[in-house]
Amino acid sequence: SDSTKLNCGKVGESEQGDTPIGIVKSAIDKFCTDVPNMSDRLFFFLGDVFSHNLYKLNKDIESSVMDDITYNLIQHFDKDKIFLTVGNHGGKTNQAFWAQDEISNSWASSLIKSGIFDINSHTQEEIDFFMKCGYYTKPIPSSNTIVICLNSIVMNNLSTHKGCDNCDCIQEQIEQLEDDLNLIESENKYAYILTHYPIDMTNPQENCQNGKCAKNYIWS
């Protein structure tokens with residue numbers, strides 16, 4: 001709630017306050033206390049575990065933050081029931097997986113170390129793609145639904161967010177998404193696409209502000 005939104009001051013060039021990591025952890029603890037039958041629950045994490053421009057303060061801090069959050073999650077939820085997608089604070093602010101930098105790598109590595117991303121259920125090619133782009137698929141246990149965790153941070157998918165112009169992960173993710181959807185359909189299963197930025201469904205030419213147009217990457 002708004003009452004838990006605290007301004008932690010400026011980091012680097014940012015003037016935006018961020019929710020302290022302790023608030024995120026205590027919110028998870030409180031949720032798990034309030035909701036019964038946690039063994040039946042799924043946890044969808046839509047991204048943003050780092051503060052704005054945190055990397056400018058200390059490049060090693062992201063590993064600690066990510067490991068702390070993922071460790072906290074697996075205390076409350078089964079690893080195979082946690083679905084975490086990358087946000088614009090999953091790497092350099094607004095640039096998660098724009099490059100093979102240490103910060104984006106720490107985000108992906110923490111999911112592997114915690115077991116949230118199970119390397120034993122993925123091929124080496126899928127693991128490499130996950131480390132490169134932050135994209136992966138994961139089944140919901142005892143169901144016919146596959147969760148597709150899509151990295152929308154690289155894409156020019158909102159009028160308020162200019163994505164990466166030269167990232168391989170844009171087109172490669174689209175191609176992988178198409179392949180995964182075709183496979184899921186052929187197996188008579190369902191897909192749930194989990195992503196940080198919403199994917200705009202309107203006609204790009206009808207959604208322009210200040211010269212920026214949302215690109216209808218996904219739905220087309």
Side-chain angles (χ1 to χ4, degrees), residues 18-35 37-51 54-55 57-93 95-143 145-154 169 173 176 180 192-196:
D18 292 294
T19 302
I21 203 67
I23 293 293
V24 177
K25 291 174 63 180
S26 64
I28 294 170
D29 293 340
K30 183 66 166 61
F31 173 76
C32 294
T33 300
D34 292 345
V35 178
N37 303 319
M38 285 306 300
S39 61
D40 297 330
R41 297 293 186 254
L42 306 173
F43 191 89
F44 286 2
F45 200 124
L46 293 175
D48 279 6
V49 291
F50 300 157
S51 297
L54 186 63
Y55 71 96
L57 179 66
N58 184 331
K59 71 175 184 179
D60 297 321
I61 227 167
E62 287 83 359
S63 267
S64 176
V65 170
M66 278 300 299
D67 290 347
D68 201 23
I69 282 292
T70 53
Y71 176 81
N72 187 251
L73 285 175
I74 63 177
Q75 304 311 302
H76 296 295
F77 297 87
D78 294 337
K79 297 175 183 178
D80 59 350
K81 295 179 180 177
I82 301 171
F83 304 84
L84 199 156
T85 193
V86 64
N88 55 311
H89 302 156
K92 293 179 180 178
T93 302
Q95 296 182 9
F97 292 93
W98 283 27
Q100 297 301 108
D101 56 69
E102 293 180 31
I103 300 170
S104 296
N105 181 70
S106 70
W107 182 91
S109 296
S110 68
L111 267 66
I112 291 177
K113 284 188 288 185
S114 64
I116 294 173
F117 179 94
D118 182 13
I119 58 175
N120 295 318
S121 62
H122 290 84
T123 66
Q124 188 59 53
E125 184 178 14
E126 290 170 339
I127 295 170
D128 292 343
F129 192 54
F130 168 65
M131 294 300 298
K132 177 182 178 181
C133 298
Y135 175 107
Y136 66 105
T137 63
K138 183 175 179 178
I140 294 178
S142 304
S143 79
T145 301
I146 307 297
V147 177
I148 299 175
C149 293
L150 175 77
N151 176 8
S152 59
I153 309 307
V154 295
C169 288
Q173 277 193 109
Q176 186 62 53
D180 287 335
Y192 188 101
I193 300 177
L194 185 67
T195 189
H196 181 70

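None of these values were measured; they are calculated from a predicted model.
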Might you confirm whether atom CD of Gln100 has over 12 heavy atoms from other residues, nucleotides or ligands at distances under 6.0 Å?
yes

So, taking the atom named CG in Leu194 and the one named CZ in Phe83, what distance separates them when rounded to the nearest 0.5 Å?
9.0 Å

Residues which pass salt bridge (Lys or Arg N to Asp or Glu O under 4.0 Å) with Lys30, listed by chain and number, not counting sequence neighbours:
Asp34

Any residue meeting side-chain contact (heavy atoms from CB on, under 4.5 Å) with Ser109, in chain and number order, not counting sequence neighbours:
Asn105, Met131

Contacts of Lys138 meeting salt bridge (Lys or Arg N to Asp or Glu O under 4.0 Å) (sequence neighbours excluded), chain-then-number -> none

Results of ring-ring contact (aromatic ring centres under 6.0 Å, His included) for Tyr71 - residues two or more places apart only
none

Listed partners of Cys169 passing disulfide bond (SG atoms under 2.5 Å apart), at least two apart:
Cys133

Could you go through the side-chain contact (heavy atoms from CB on, under 4.5 Å) check for Asp101 and Gln95 one step at a time?
CA-CA 10 Å; Asp101 56 69; Gln95 296 182 9; over 6 Å; no

Can you list the residues that meet the ring-ring contact (aromatic ring centres under 6.0 Å, His included) rule with Phe45, with sequence neighbours excluded?
Phe43

Can you name the nearest heavy-atom pair linking Asn72 to Asp29, along with the distance?
ND2-OD1, 3.8 Å

Assess the residue pair Phe130 and Leu111 against the criterion (side-chain contact (heavy atoms from CB on, under 4.5 Å)); give the C-alpha distance rounded to whole Å, side-chain angles, the decisive distance to 0.1 Å, and a yes or no.
CA-CA 10 Å; Phe130 168 65; Leu111 267 66; 4.0 Å; yes

Here the gap from Leu84 atom CG to Leu73 atom CG, rounded to the nearest 0.5 Å, amounts to 7.0 Å

Measuring from atom CD1 of Ile127 to atom CD1 of Ile112, what distance do you get when rounded to the nearest 0.5 angstrom?
6.5 Å

Please enumerate all residues that pass salt bridge (Lys or Arg N to Asp or Glu O under 4.0 Å) together with Asp78, with sequence neighbours excluded.
Lys81

For the OH atom on Tyr192, are there more than 12 heavy atoms of other groups (residues, nucleotides or ligands in this structure) within a distance under 6.0 Å?
no

Can you list everything that forms a side-chain hydrogen bond (donor to acceptor under 3.5 Å, both in side chains) with Tyr135? Sequence neighbours excluded, please.
Asp180

What closest approach, in Å, do Ile116 and Ile74 show between heavy atoms, and which atom pair accounts for it?
CG1-CG2, 4.2 Å

Can you check whether Leu150's main-chain N or O pairs, donor with acceptor, with Thr195's side chain at less than 3.5 Å?
yes

Set of residues satisfying ring-ring contact (aromatic ring centres under 6.0 Å, His included) with respect to His122, sequence neighbours excluded:
Phe117

side-chain contact (heavy atoms from CB on, under 4.5 Å) partners for Ser142, two or more places apart:
none

Output for pair (Leu42 CG, Ser143 OG), nearest 0.5 Å, gives 8.0 Å

For the student: nearest non-hydrogen atoms of Phe44 and Val147, plus distance:
CZ-CG2, 4.1 Å

Mind checking the CD1-NE2 spacing from Ile153 to His196? Nearest 0.5 Å is all I need.
5.0 Å

Pairing residues for Asp118 by the side-chain hydrogen bond (donor to acceptor under 3.5 Å, both in side chains) criterion, not counting sequence neighbours
none

Locate the shortest heavy-atom distance separating Asp67 from Ser110; write the atom from each residue and the value.
OD1-CB, 3.3 Å

Approximate separation, where rounding is to 0.5 Å, of Ser121 OG and Asp80 CG
9.5 Å

State, to 0.1 Å, how close Ala96 and Gly87 come at their nearest heavy-atom pair, and which atoms those are.
CB-O, 3.5 Å

Residues two or more places apart in sequence or in another chain: which of them pass side-chain hydrogen bond (donor to acceptor under 3.5 Å, both in side chains) with Gln124?
Asp128

